[in-house]
Amino acid sequence: MPSSQRRRPVRATGFGRTGEALTMIDVLDSARSTDRRMDLAKMTSTGSEDAPWLRPIMAGGAPLLTRAGQVVYASRRLSELVHGRPPGITGHQWSTAIRESFDQVVCAADTGRPLFAVDVAVPPAAGSPEQRAERMRNAVCAAVGLEVLRIESPTLRGADHGRRIVEYLIDARGYADAAGSGPESADPVGFRDIIGRLPDGRSGHVNDLGALTRAAAVEAYVDRRLADPIVRGLHVRWKDGPAEGWSWVGVRPGRCLVERVRVVPQRFSCGMDPDRLAEDLSALAVGERLRGLDAAEPPLVDRDQLRRDIRLLASRRDELAGGFAFDHLCAD
């Protein structure tokens, strides 16, 4: 997801029932956007235009939601999305992968053709059966040209947070597609950088998935439930690897609530950098943990230990795409 992608500014309109920021997206571009993505899927698939590998979803339960000319289905297995085993995939890979599922699958409303899938999961242990099954599923998705966004978090869950996340991604992709069709001379504001009215009445970035968390942290600080009102964070992207976002807030003097999220885009783009998206998602996870703060205090990390972890990350800057831009967090 190159940061240099050009986008057309869109007016922010506030927050919906879920509290997530909404933007006015040019729905007239949605059909053209879908066509472009379907063409891309055809080019990247091992199938042909006459025999595409992706199977349209036209039945099998009501969709979770309809948005911008697209429908979203929850909890779909890979076997429901692919016609058959594509070339280059072994029988073992195929039999394992088709049993794997996605939290959400986004399809074109008119054809039912899968456009992209989202998975929110706990990070698998290295060398575990879950990790091997994920790799086999990735191989099949690559062979058929299905775009996938995998979000790894110990706190976020597809059943609880998937709808909010997928709505955000659909809006971000629609914004990027509309901006991409604009004049070359335009220098529009990015989707994440749109300024509008936040839930607490202040002006800020309305398309920040962590906006509600940041407002909740201020309220908790005023109520003396937090030692610090500011949700801090960082983001990095590993070379030829996933993006990673960290967010934390001071709960007790010298003790922090820390969340880390990894984002693994597989042929997927929503017009914003995956590392920045990962940081916003980690802030969203902090908000989830803050909601249960009164019932039971979550595990906290010593601030000095957090600083050591950040310094260790900084020491690996040569392994990071774009280096490390958060040296100020390493200071005592």
Side-chain angles (χ1 to χ4, degrees), residues 1-3 5 103 116 118-128 130-131 134-135 138 147-158 161-162 164-166 168-169 172 190-193 205 207-211 213-214 230-249 256-289 298-303 305-330:
M1 287 180 275
S3 59
Q5 187 169 2
D103 290 305
F116 69 93
V118 177
D119 198 30
V120 185
V122 175
S128 65
E130 292 79 11
Q131 187 183 60
E134 179 198 342
R135 288 174 177 169
N138 292 345
E147 299 180 50
V148 178
L149 180 68
R150 180 176 173 84
I151 298 167
E152 295 182 352
S153 166
T155 300
L156 299 178
R157 296 291 181 269
H161 310 97
R164 182 178 180 184
I165 292 171
V166 80
Y168 182 89
L169 297 173
F191 180 76
R192 174 58 175 77
D193 297 318
H205 295 110
N207 290 322
D208 172 9
L209 281 166
T213 298
R214 303 181 204 285
I230 301 175
V231 178
R232 294 174 169 82
L234 62 82
H235 55 265
V236 297
R237 185 169 15 160
W238 299 96
K239 292 179 180 178
D240 301 321
E244 194 167 329
W246 300 15
S247 289
W248 61 92
V249 65
C256 300
L257 170 59
V258 181
E259 283 288 334
R260 301 179 184 179
V261 171
R262 295 204 326 164
V263 168
V264 188
Q266 298 156 12
R267 301 159 304 282
F268 176 88
S269 173
C270 68
M272 63 183 294
D273 292 335
D275 45 350
R276 196 174 185 189
L277 175 61
E279 183 180 342
D280 285 354
L281 287 167
S282 67
L284 177 64
V286 166
E288 182 67 22
R289 300 275 293 280
L300 303 178
V301 177
D302 185 82
R303 188 180 298 276
Q305 179 61 53
L306 175 60
R307 188 178 293 111
R308 286 193 290 270
D309 292 342
I310 295 173
R311 287 172 175 167
L312 179 61
L313 184 64
S315 69
R316 301 177 62 186
R317 67 183 70 235
D318 290 343
E319 303 174 48
L320 301 173
F324 185 77
F326 300 91
D327 287 303
H328 59 283
L329 297 174
C330 299

Trace of the salt bridge (Lys or Arg N to Asp or Glu O under 4.0 Å) decision for Arg150 with Glu134: CA-CA 10 Å; Arg150 180 176 173 84; Glu134 179 198 342; 3.1 Å; yes
Phe326 and Phe324 aromatic ring geometry - parallel, tilted or perpendicular at 30°/60° bounds: perpendicular
SB check Arg192 Asp280 (cutoff 4.0 Å): yes
Stepwise side-chain contact (heavy atoms from CB on, under 4.5 Å) check, Phe268 with Val148: CA-CA 6 Å; Phe268 176 88; Val148 178; over 6 Å; no
Main-chain N/O of Ala314 paired to Arg317 side chain as donor or acceptor, under 3.5 Å: yes
Separation of Cys270 SG from Leu277 CG (nearest 0.5 Å): 5.5 Å
Between Thr155 and Glu259: side-chain donor-acceptor atoms closer than 3.5 Å: yes
Test log, rule side-chain contact (heavy atoms from CB on, under 4.5 Å), inputs Val249 and Ile230: CA-CA 6 Å; Val249 65; Ile230 301 175; over 6 Å; no
Test salt bridge (Lys or Arg N to Asp or Glu O under 4.0 Å) applied to Arg303 - qualifying residues, sequence neighbours left out: none
Taking every non-hydrogen atom, the tightest pair across His161 and Leu156: ND1-CA, 3.6 Å
Sub-4.5 Å side-chain heavy-atom contact between Leu234 and Leu313: yes
Atom of Gly158, atom of Val120 and distance for their closest heavy-atom approach: N-CB, 3.7 Å
Sidechain N-carboxylate O distance under 4.0 Å for Asp309, Arg260: yes
Side chains of Trp248 and Val301 in contact at under 4.5 Å (non-hydrogen atoms): no
Student check: side-chain heavy atoms of Arg262 and Pro123 closer than 4.5 Å: no
Donor-acceptor contact below 3.5 Å, side chain Asp273 vs main chain Asp275: no
pair Asp208-Arg214: side-chain heavy atoms closer than 4.5 Å: yes
Gly210 to Ala283 - nearest heavy-atom pair and separation: CA-CB, 3.8 Å
Expected output: side-chain Lys239 to main-chain Asp318 donor-acceptor under 3.5 Å: yes
Spatial distance of atom CD1 (Ile310) from atom CD (Gln305) [nearest 0.5 Å]: 10.5 Å
Spacing of CD belonging to Glu147 relative to OG belonging to Ser269, to within rounding of 0.5 Å: 7.5 Å
Full working for salt bridge (Lys or Arg N to Asp or Glu O under 4.0 Å) between Asp193 and Arg276: CA-CA 11 Å; Asp193 297 318; Arg276 196 174 185 189; 2.7 Å; yes
Nearest-0.5 Å distance that lies between atom CG in Leu300 and atom CG in Leu257: 6.5 Å
Stepwise side-chain contact (heavy atoms from CB on, under 4.5 Å) check, Arg164 with Leu284: CA-CA 11 Å; Arg164 182 178 180 184; Leu284 177 64; 3.1 Å; yes
Heavy-atom pair with the smallest gap, counting every atom of Cys256 and Leu306: SG-CD2, 4.3 Å
Min side-chain heavy-atom separation Asp103-Val118 under 4.5 Å: no
Chi angles and distances behind the side-chain contact (heavy atoms from CB on, under 4.5 Å) call for Ile151, Asp119: CA-CA 6 Å; Ile151 298 167; Asp119 198 30; over 6 Å; no
Contact check, side chains of Tyr168 and Leu209, non-hydrogen atoms, under 4.5 Å: yes
Counterpart residues, salt bridge (Lys or Arg N to Asp or Glu O under 4.0 Å), relative to Arg308 (two or more places apart): none
Nearest heavy atoms of Gly287 and Thr213, plus distance in Å: CA-OG1, 3.2 Å
Backbone of Gly127 reached by a side-chain donor or acceptor of Gln131 within 3.5 Å: yes
Donor-acceptor pair, side chain of Ser282 and main chain of Val261, under 3.5 angstrom: no
Closest heavy-atom pair and its distance - Leu329, Gly233: CD1-O, 4.0 Å
Side-chain heavy-atom pair Glu244, Pro274 within 4.5 angstrom cut-off: no
Trp246 and Glu279: CA distance, side-chain angles, deciding distance, side chain to side chain donor-acceptor pair (under 3.5 Å) verdict: CA-CA 6 Å; Trp246 300 15; Glu279 183 180 342; over 6 Å; no
Straight-line distance of Ser247 OG to Arg289 CZ, nearest 0.5 Å: 12.0 Å
Side chain to side chain, Pro124 and Glu152, heavy atoms closer than 4.5 Å: yes
Nearest-0.5 Å distance that lies between atom CG in Leu149 and atom CD1 in Ile165: 8.5 Å
Donor-acceptor side-chain pairing of Glu319 and Trp238 below 3.5 angstrom: no
